[in-house]
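Data first, discussion second: the structure below is written as structure tokens.
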Amino acid sequence: MPARPLSLEERLAARGVSRRQFLKFCAAMTATLALPSTFTPRIAKALNTAERIPVVWLEFQDCAGNTESFLRAESPGVADIVLEQISLEYHETIMAPAGHRAEQSLDAVVEHYPGQYIAIVEGSIPVANGGVYCTIGGRTALSIAERVCSNALATIAVGACAWDGGWPAASPNPTGAVGVRQAVPGLKNLINLPGCPMNVMNLTAVIVHYLTFKQLPATDEQGRPFFAYGQLIHNNCERRGHFDSGRFVERWGDEGHRLGWCLYKMGCKGPQTLSNCPAVGWNGTSYWPIGAGHGCVGCMSPRFWDTMTPFYERLPNVEGFGVEVTADTLGAIAVGAVAAAGVIHGVASAVRARMQPIAAHDGGETLVEAAERAVQVVEQIAGPVKPAEAPKEATGKAIALGESEESIRSGQDGPSAS
Amino acid sequence: MRRRVYVWEVPVRLTHWVNVLSITMLSFTGYYIANPYIFVSPREPWGIYFMGTMRFLHFVFAYVFVASLLLRTYWAFVGNQWASWRGLFPFLTKEGRTNMWHAIQYYFFLRRNPPEVAGHNALAGTSYMIIVFLYGLSVFTGFTLYGQLHPASIWHTLTDWVTALVSIQTLRLWHHIIMYLILAFVVHHVYAAWLIDMEEGNGLMSSIFSGYKFLPKDQQPDWIEQVIAQNGKQNGKALQAAKAETRKVQVAGGKVES
């Protein structure tokens, strides 16, 4: 009988994964975690010697997109290595048992490994009407999440839905969908990996981080690991040079698009989205949406269905004015309206000044003069303008007032005032 | 003859013109950043950093603008009565409300004369309250967006909590709309200043260059002077103004010349 269990490397070798491929994986994990390359041997050693962790993968209101992302990672690669190193006890999409047998395996993990297993949650949790909109084996998603996650060593919420409700929570959110952190408040050791789907490299890196350092990676206030969600996509984008140069795609398929220019004007949300997409790439390659010529839709941002739409515009529309009214339209109307009001008010004030000169002190004739000059211009263009009778008297009065200080005082507040 | 009164002190005029410069530059560069409409030669392979330059200018003038706002805020507490923070809240006092109603009547052609003031009339003060609020909101949303670009900066530390409450896109929208509101204010501000200058003939337009207004000899203390006179002190200093009843008014803080 073997005195020690087979190491990860040996088990991988049996599956046809070479030591070189394993070390490449360890190097990629080191890079994803933003660690110095000297950590690669340490990670390799930790993965080789660590005990397998039981993992349960819960699916609620989801499309299994994160599962797809997880399983269809490069081959041989992340999935092989990680599936070899974790003990996936429960996963509805890929597990063999069904019905009560399946539920029994979930119960068994919660009972036999309390505080020792990792719960991965995919999909949002509906809380409206007692959570009736998603039930599995007669239990609501909410009650399953509460029981499984609160007993777990750590909970990893994968995908936008498990983070903040995602698509099911998009307005008007009929099922009251929320993410794990709202459904099970106060959960310790919760890691959020938003994205639609999340990048499997980040999920793997979180697990590798735990296996290597026996603790979870540092996160921001919203529970997202800094190594993956610490920088705007824009800051590391391969098209950033075109942005800084002012070279933008104006239409889909134009010359700039063919030359790979910046997609900023096509509504790319890279400048609003925190993610390591440009650095890590997807499916083990350097491919990612912007690299493929489509702007980022901000799927790793909070409530991105509501906040990042319209996906092909720079700014959101202004609510309450119809779908096509932009901030620029409203702004131009506002500035124009103020200018028009000023012109109208100015003309009216000039007419008033001509008809009824200001009676205060020794000032106020300037607007009359301006009005008279304006009238002269109009007369030159359109012929003589007949002045009304009132202005003559009023003007005469003003001149008379200007002569004596006492008479100025008496007429100080004007004829129509108080 | 009119008397020459020193109304706008140096920091008031300085910050006014720095604001004009920075708002112009911020609006121009900011609009370009939101909608880069200026065509850059597509065949230019090197040496072009147009958007980068626009953003650099935007950030530089953002700091200039903030510096100006800080100086003006400081001066609102140590300057003369026409620079006082009280001028932003005329509706809190009876004199202010009376003056504001007078100004509203004037603008709606219900009363011939505009209210006589050495500084701002109360309606103008209220509009400055709104504009100062918009300045603050614009600076705040701007630095929140700026902090997102630089996660290691102090702005990120100070403002990152906002992004958990309000979407970055919403902040961007506000930041954009505030520009239009400020531009609309600029149009109104220049028009109203021209109008009152024409009506009162007191050198209002030139006063923001020179600091001096030319007031009628018998002009009474305006609403803000009355408010401050009632408080007895202006910014911690004893008021030097003569009583409102006096025929020959010595205006506090201002040189009186005839």
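Everything quoted here is computed from the prediction, not taken from an experiment. Letters A, B, ... mirror the listed sequences (proteins, then strands); counts begin at 1.
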B:Met25/B:Ser22 under side chain to side chain contact (heavy atoms under 4.5 Å, CB included): CA gap, chis, key distance, verdict:
CA-CA 5 Å; B:Met25 290 302 292; B:Ser22 44; 5.6 Å; no

Within the structure provided, determine whether A:Arg240 and A:Asp244 are in side-chain contact (heavy-atom separation under 4.5 Å).
yes

Tell me whether the NZ or CZ atom of B:Arg4 lies within the 45° cone about the ring axis of B:Tyr212 and under 6.0 Å from its centre.
yes

How far apart are the C-alpha atoms of A:Cys277 and A:Met300, what are their side-chain angles, what is the distance that settles it, and do they pass the side chain to side chain contact (heavy atoms under 4.5 Å, CB included) test?
CA-CA 10 Å; A:Cys277 292; A:Met300 305 207 176; 3.9 Å; yes

Using a cut-off of under 4.5 Å on heavy-atom pairs, state which of A:Ala337, A:Ala327, A:Gly342 scores highest against chain B.
A:Gly342

Per-residue tally against chain A (heavy atom, under 4.5 Å) across B:Leu149, B:Leu171, B:Thr170, B:Val190 peaks at B:Leu149

If you count heavy-atom pairs within less than 4.5 Å of chain A, which of B:His188, B:Gln105, B:Gln148 leads?
B:Gln148

Where along residues 175-187 of chain B does a heavy atom come under 4.5 Å of chain A, listed by residue number?
B:His176, B:Ile177, B:Tyr180, B:Leu183, B:Ala184, B:Val187

Using the side chain to side chain contact (heavy atoms under 4.5 Å, CB included) rule, take B:Tyr106 and B:Arg112 through it: C-alpha gap first, then chi angles, then the decisive distance, then the call.
CA-CA 6 Å; B:Tyr106 165 73; B:Arg112 180 60 194 94; 4.2 Å; yes

Heavy-atom contact with chain B under 4.5 Å, split by part of A:Asp328:
both

Is A:Ala341 close to chain B through its backbone or its side chain, or both, or neither, when contacts mean heavy atoms under 4.5 Å?
neither

Output the option from A:Val318, A:Leu274, A:Asp220, A:Val335 having the highest count of non-hydrogen pairs under 4.5 Å with chain B.
A:Val335

Identify which part of A:Tyr264 has an atom lying under 4.5 Å from any heavy atom of chain B, answering side chain, backbone, both or neither.
side chain

Which atom pair, heavy atoms only, marks the closest approach of A:Pro194 to A:Arg224?
CG-CD, 3.6 Å

Ranking A:Ala350, A:Ala334, A:Gly230, A:Ser349 by heavy-atom pairs under 4.5 Å to chain B gives rank one to A:Ser349

NE2 of A:His234 to CZ of A:Arg239, rounded to nearest 0.5 Å, is 13.0 Å

Below 4.5 Å from any heavy atom of chain B, which atoms of A:Gln222 appear? Answer side chain, backbone, both or neither.
side chain

Between the side chains of A:Thr326 and A:Thr329, is a donor N or O closer than 3.5 angstrom to an acceptor N or O?
yes

Does the ring centre of B:Phe143 sit less than 6.0 Å away from the ring centre of B:His150?
no

How far apart are the closest heavy atoms of A:Phe227 and A:Asn276, and which atoms are they?
O-ND2, 4.0 Å

Supply the atom-to-atom distance A:Arg247 CZ to A:Lys265 NZ, rounded to the nearest 0.5 angstrom.
14.5 Å

Do you know which of B:Tyr191, B:Tyr31, B:Trp194, B:Phe214 has the most heavy-atom pairs with chain A at a distance under 4.5 angstrom?
B:Tyr191

Counting only non-hydrogen atoms closer than 4.5 Å, does B:Ala34 touch chain A with its backbone (N, CA, C, O), its side chain (CB onward), both, or neither?
backbone

With rounding to the nearest 0.5 angstrom, report the OG1 to CD distance, B:Thr163 to A:Glu221.
8.0 Å

Using the ring centroid of each side chain, check whether B:Phe65 and B:His58 are separated by less than 6.0 Å.
no

Of the backbone (N, CA, C, O) and the side chain (C-beta and beyond), which part of B:Tyr107 lies under 4.5 Å from a heavy atom of chain A, both, or neither?
both

Among A:Phe243, A:Phe226, A:Phe248, single out the residue with the greatest number of heavy-atom pairs under 4.5 Å to chain B.
A:Phe243

What part of A:Leu330 gets within 4.5 angstrom of chain B, counting heavy atoms only: side chain, backbone, both, or neither?
neither

